Amino acid sequence: MKRRIALLAALLWFAVLAYAEQLPDFRAVSWDMTPLQVRDSEPDAQLVEQGEYLFLRGALAFDRYEATLMYSFIDGKLFSGSYAITPDPADPLGALAQYREIQALLQEQNGELGFDESYWYDERLRDDPSRLGEALLEGEVAFLSGLSLPRTRIEMSLMGSSEQVVLSVTYTANDSLASPQ
């Protein structure tokens, strides 16, 4: 009886692993796909190729935010995909709310964050919450967070410079997947 239970447990474990291998790593793609395979995964999109990158403007991130999508390749194999969302510069605090909303979605889908940090370059602005929007627009504060999954690292950032704020979410193959075999 114990042997049967062990055999069933092993079969179940292999089935779970096989299913996990079939899940996409980012959108509808998996790491190590070629640019052509990635293009085929986005049949309605007009991907623009620039060297080791494919770009798509007007993509939807998290079914809600208009973003620029970028796929990155090393040696012709996909290793990263990212969204760049450009919030309204007139509402930098709205950008922080979007960052927190996406952060909560990622946690709901994938579990707890591995890190969640803010970096202040001008400590005087840190002490005045009414100047947070100004600090974001001037690039005096950056918010960074992320987590790691078995095959993928997910990192988020919210940063500003030159009166523009960019929220980015990057999915990258774990080091063991991205290294040459």
Side-chain angles (χ1 to χ4, degrees), residues 24-29 31 38 42 44-74 78-175 177-178:
D25 295 305
F26 174 69
R27 291 177 63 94
V29 299
W31 306 134
V38 171
E42 300 270 5
D44 299 328
Q46 295 296 318
L47 290 171
V48 177
E49 190 168 351
Q50 291 182 350
E52 291 285 307
Y53 305 99
L54 289 176
F55 291 95
L56 172 62
R57 300 201 191 289
L60 271 186
F62 306 99
D63 296 322
R64 181 171 177 179
Y65 301 105
E66 188 171 311
T68 298
L69 168 64
M70 182 176 74
Y71 290 109
S72 303
F73 300 84
I74 292 179
L78 180 67
F79 83 96
S80 178
S82 61
Y83 295 112
I85 301 165
T86 307
D88 180 359
D91 187 14
L93 294 179
L96 181 58
Q98 289 176 342
Y99 177 85
R100 295 292 183 214
E101 183 179 309
I102 292 171
Q103 197 178 51
L105 281 170
L106 289 173
Q107 283 182 282
E108 184 180 301
Q109 294 169 353
N110 304 296
E112 287 301 309
L113 296 174
F115 65 95
D116 184 14
E117 306 287 335
S118 62
Y119 298 94
W120 289 83
Y121 304 103
D122 184 340
E123 289 294 326
R124 295 170 299 165
L125 294 174
R126 180 183 200 153
D127 297 332
D128 185 353
S130 69
R131 296 184 66 193
L132 177 58
E134 175 188 347
L136 258 172
L137 282 172
E138 293 178 1
E140 296 297 337
V141 62
F143 295 90
L144 304 169
S145 59
L147 55 95
S148 192
L149 303 172
R151 291 180 45 87
T152 306
R153 282 187 322 275
I154 304 172
E155 297 173 342
M156 286 184 64
S157 66
L158 179 65
M159 297 183 218
S161 69
S162 304
E163 302 297 313
Q164 181 177 357
V165 176
V166 175
L167 191 170
S168 67
V169 184
T170 302
Y171 294 69
T172 306
N174 280 334
D175 293 337
L177 298 171

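The figures that follow rest on heavy atoms only: side chains count, while hydrogens, waters and symmetry mates do not. Numbering of residues begins at 1 and proceeds along the displayed sequence. Note that the structure is a prediction, hence the values are computed from the model and not measured.
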Please name all residues satisfying side-chain contact (heavy atoms from CB on, under 4.5 Å) with [X], sequence neighbours left out, ordered by chain then number.
X: Q109; result: L106
X: L113; result: Q103, Q107, D116, S145, L147
X: E155; result: F115, R153
X: Q50; result: V48, F55

Between V141 and Y119, does the side chain to side chain contact (heavy atoms under 4.5 Å, CB included) criterion hold? Intermediate values first, please. CA-CA 5 Å; V141 62; Y119 298 94; over 6 Å; no
Under 4.0 Å between a side-chain nitrogen and a carboxylate oxygen: does that hold for R57 and E66?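 So R57 does not pair with E66 through a salt bridge.
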Flag the pair E101 and R64 as a salt bridge only when some basic side-chain nitrogen lies within less than 4.0 angstrom of an acidic carboxylate oxygen.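 Here E101 pairs with R64 in a salt bridge, since their nearest N and O are under 4.0 Å apart.
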Rounded to the nearest 0.5 Å, what separates atom [atom1] in [X] from atom [atom2] in [Y]?
X: L96; Y: L132; atom1: CG; atom2: CG; answer: 6.0 Å
X: D88; Y: L93; atom1: CG; atom2: CG; answer: 11.5 Å
X: D25; Y: T152; atom1: CG; atom2: OG1; answer: 4.0 Å
X: S82; Y: I154; atom1: OG; atom2: CD1; answer: 12.5 Å

With side chain to side chain contact (heavy atoms under 4.5 Å, CB included) as the test, would you mind laying out the steps for V166 and I85 before giving the verdict? CA-CA 6 Å; V166 175; I85 301 165; over 6 Å; no
Which heavy atom of [X] sits nearest a heavy atom of [Y], and at what distance?
X: G139; Y: Y121; value: O-CD1, 3.4 Å
X: A95; Y: V165; value: CB-CG1, 3.9 Å
X: L78; Y: F73; value: N-CD2, 3.3 Å
X: L69; Y: A59; value: CB-CB, 3.8 Å
X: A135; Y: W120; value: CB-CZ3, 3.7 Å

Is there side-chain contact between [X] and [Y], with at least one heavy-atom pair below 4.5 Å?
X: M156; Y: I102; answer: yes
X: Y71; Y: R27; answer: yes
X: Q98; Y: Y65; answer: yes
X: V29; Y: P24; answer: no

Test of understanding: with salt bridge (charged side-chain N to carboxylate O under 4.0 Å, His left out), list the residues that count as partners of D91, not counting sequence neighbours.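 Expected list: none.
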Can you find a side-chain donor-acceptor pair between T172 and W31 that sits under 3.5 Å?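 Absent: no donor and acceptor within the cut-off.
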Only pairs at least two apart or in different chains count here, so list each side-chain hydrogen bond (donor to acceptor under 3.5 Å, both in side chains) that has a residue in residues 161-171.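 Sorted result for residues 161-171: S157-S168.
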Taking it one step at a time, do R126 and E140 satisfy salt bridge (Lys or Arg N to Asp or Glu O under 4.0 Å)? CA-CA 9 Å; R126 180 183 200 153; E140 296 297 337; over 6 Å; no
Ring centroid separation Y83 to F62 under 6.0 Å: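 Ring centroids of Y83 and F62 are less than 6.0 Å from each other.
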More than 12 heavy atoms of other groups within 6.0 Å of E117 CD: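 Enclosed: over 12 neighbouring heavy atoms sit under 6.0 Å from CD of E117.
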Side chain to side chain contact (heavy atoms under 4.5 Å, CB included) assessment of S72 paired with F79: CA-CA 6 Å; S72 303; F79 83 96; 3.6 Å; yes
Quick one: does N174's side chain have a donor or acceptor within less than 3.5 Å of a partner on L149's backbone?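 Flag set: sc N174 to bb L149 pair under 3.5 Å.
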Please lay out, stage by stage, how T68 and L56 fare under the test side chain to side chain contact (heavy atoms under 4.5 Å, CB included). CA-CA 6 Å; T68 298; L56 172 62; over 6 Å; no
